[in-house]
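Since the structure is predicted, the reported quantities are computational estimates derived from the model, not experimental observations.
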Amino acid sequence: MTVYHFVGIKGTGMSALAQILHDMNYEVQGSDIDKKVFTQKALEARNIKVLPFAKENIKEGLTIIAGNAFPDTHPEIEEAFNLGLPVIRYHRFLGEFMQMYTSVAITGVHGKTSTTGLLSHVIQGAEPTSYLIGDGTGNGIPNSKYFVFEACEYRRHFLSYKPDYAIMTNIDFDHPDYFTNIEDVFSAFQEMAVLVKKGIIACGDDEQLQQIQAKVPVVYYGFGEENDFQARNVVKSTDGTEFDVFVRNTFYASFKITTYGDHSILNALSVIALCHYEEIDVEIIQQRLLTFEGVKRRFNEKRVGDQILIDDYAHHPTEINATIDAARQKYPDRDIVAVFQPHTFTRTQSFLEEFAESLQKADYIYLCDIFGSARENVGKLSIDNLLEKIENSQLINEEDTSVLKAHDNAVLVFMGAGDIQKYQEAYEKVLA
């Protein structure tokens, strides 16, 4: 029997895929760095063996699934080649695997993870569904009808997929270490659109997505009247959001979601459109939208004393805007305090002005040192370049977070894609 060995099993996609294969009764193990990462909890719960990186891990009989962050010169991957073992890159394996199901790829520069989580939660109310979410959550059900998965545009990896459906949430310029400009990002999504087999559900409020050409129907959703699926009569409150959905100007149904901000309405609309296309009962959609509890690292809240602490993955100006807007909707009477850790030097450099602008939506701003990625450990700029663009912002370090105690009754939003959680953990220890 094949044993799948994951090189870099703690990666968000890798961890999720390992969980799916394990749930489907395949034998799974993997290796990674020793450092504790939030994705390993689910692996440990399933007793999936996680080894420290070592070429000795590679033995006859293994099929290697290699994480995209690791080059062919990685000792384990080299050893696998030496032994003549099959080595399959993560995105290529996923591309083959999904062909067994009605597959839905969720892609877009922002909102992928939340939308994947929401769709997988809603659709499994109707049919058995396996899913892979980019927050490290995977669930494999042997007799699945649907496979819902997050498809990342970075390095055009999503071109390995030929899904039945694609939900496209937006096109924006990001990953400046790979994409040259917005036109380059658009061209990647256009290439992906041609690979879709049944239909594309795209946000019609996004100017770039309006230009997408495909061989299959493109169904648009959004707030604008020209969309096939339109949200109207939106009512926002501190316990969620209600809205009516019109399909090609005809009333379809009313829905309530327990999340906040316009981006949450758009995410829900995309899910409603896909389910409508697949003829899923409207009552199931309504009920499941109400019971969705969110995904990891997306607006995860904790109440400590009179403060609300929120952990969020926002690491692009568009996402910071959305997260602060959501916090304002839920907590209109509290100060919003942003604690932000920029992720990668290239992104910070490319969006310096935009970061400054979006962060100023908060009442108070604290900045943490830039988190360099595995691809770049040092850059020409420093956090001071951002600090000087934001009036009254302050630098904060992990060793001393006590300054945050001064914000009585406030909402503290810890944002970033690096290790911003360690700042929140340090602050919670100060409060303990």
Not counting sequence neighbours, which residues clear side chain to side chain donor-acceptor pair (under 3.5 Å) with S350? List them please.
none
Suppose we screen for side chain to side chain contact (heavy atoms under 4.5 Å, CB included). Which residues come up paired with N25, at least two apart in sequence or across chains?
none
Quick check: does any side chain N or O of D228 sit under 3.5 Å from a backbone N or O of Y221, one acting as donor and the other as acceptor?
no
Looking at CG of L119 and CD1 of I272, how far apart are the two atoms once the value is rounded to the nearest 0.5 Å?
11.0 Å
Using only atom types and a distance under 3.5 Å, with no angle test, would you say the side chain of Q329 pairs donor to acceptor with the backbone of T238?
no
Under 4.0 Å between a Lys/Arg side-chain N and an Asp/Glu carboxylate O for K256 and D239?
yes
Distance col, row F371:CZ vs F345:CZ, nearest 0.5 angstrom, shows 10.5 Å
Can you tell me which residue pairs pass the salt bridge (Lys or Arg N to Asp or Glu O under 4.0 Å) test with a partner in residues 91-109, sequence neighbours excluded?
none
What residues, two or more places apart in sequence or in another chain, satisfy side chain to side chain contact (heavy atoms under 4.5 Å, CB included) together with A80?
I58, I64, L85, V87
Nearest 0.5 angstrom please: D135 CG to T116 OG1, how far?
9.0 Å
One thing to verify: whether D281 and R288 come together as a salt bridge, which I'm taking to mean a side-chain N less than 4.0 angstrom from a carboxylate O.
no
Sequence neighbours excluded - salt bridge (Lys or Arg N to Asp or Glu O under 4.0 Å) pairs with any residue from residues 11-23:
D23-R46
For Q230, which residues count as a side chain to side chain donor-acceptor pair (under 3.5 Å) partner, sequence neighbours excluded?
R232
